[in-house]
Amino acid sequence: MPLKTIRKLVQLVDTSAKDASRARKVARSPKMQQEIAQDRRTGLSQFKTVRQALADRERIARQKQRASAKPGAKVAAKPKAPKSRKTKTGNAR
């Protein structure tokens, strides 16, 4: 393989590695993360269950915000998941 071709190949790999490094740095920025999350929500919002989940999250966030604004107010606890009925051997009771 000619030296000129090898140099072009090395330059291409080097340039792509630098570009990937820049992309990783930008992807970590809070603004970029916000844009990615918004884009995902926009794409997924066509599904009814996703819309309901997002509405629930917003409702819970508003409740927490109101509760923190009132001194001495309690925040509702999360409901606990039911315990498994399995025994030590793994069989159901």
Side-chain angles (χ1 to χ4, degrees):
M1 198 182 261
L3 187 60
K4 192 173 186 177
T5 306
I6 293 173
R7 283 185 183 168
K8 283 185 179 182
L9 183 63
V10 169
Q11 185 180 13
L12 177 71
V13 170
D14 185 50
T15 303
S16 64
K18 286 178 183 178
D19 185 53
S21 177
R22 275 189 237 114
R24 281 191 296 274
K25 288 177 184 176
V26 170
R28 291 183 183 151
S29 73
K31 182 180 178 187
M32 182 68 162
Q33 291 294 333
Q34 233 175 8
E35 290 173 358
I36 290 170
Q38 185 63 35
D39 187 47
R40 283 187 192 137
R41 286 184 179 152
T42 302
L44 291 173
S45 67
Q46 63 184 339
F47 300 106
K48 185 177 180 180
T49 54
V50 174
R51 287 194 307 260
Q52 290 171 345
L54 290 174
D56 287 344
R57 285 183 186 176
E58 289 175 7
R59 180 181 47 82
I60 291 168
R62 282 194 305 264
Q63 287 175 346
K64 285 183 179 180
Q65 199 174 34
R66 287 181 195 150
S68 66
K70 297 178 185 176
K74 291 184 179 179
V75 178
K78 285 183 176 179
K80 293 183 179 179
K83 292 184 179 180
S84 175
R85 300 198 72 206
K86 292 184 179 180
T87 61
K88 290 181 182 178
T89 59
N91 299 328
R93 291 184 191 173

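Worth saying up front: this structure is predicted, and the values here are computed from it rather than measured. The basis for the numbers below is simple: all heavy atoms, side chains too, and nothing from hydrogens, waters or symmetry mates.
- With S21 contributing its side chain and A17 its backbone, the two residues share no donor-acceptor pair below 3.5 Å.
- Atoms CG and CD, from D14 and Q11 in turn, are 8.0 Å apart once rounded to the nearest 0.5 Å.
- Once rounded to the nearest 0.5 Å, the distance linking CG of L12 with OG1 of T15 reads 6.5 Å.
- Within 6.0 Å of the CZ atom in R59, the count of heavy atoms belonging to other residues, nucleotides or ligands exceeds 12.
- Within a 6.0 Å sphere centred on CD of Q52, other residues, nucleotides and ligands contribute more than 12 heavy atoms.
- Note: E35 CD to Q33 CD = 10.0 Å, rounded to the nearest 0.5 Å.
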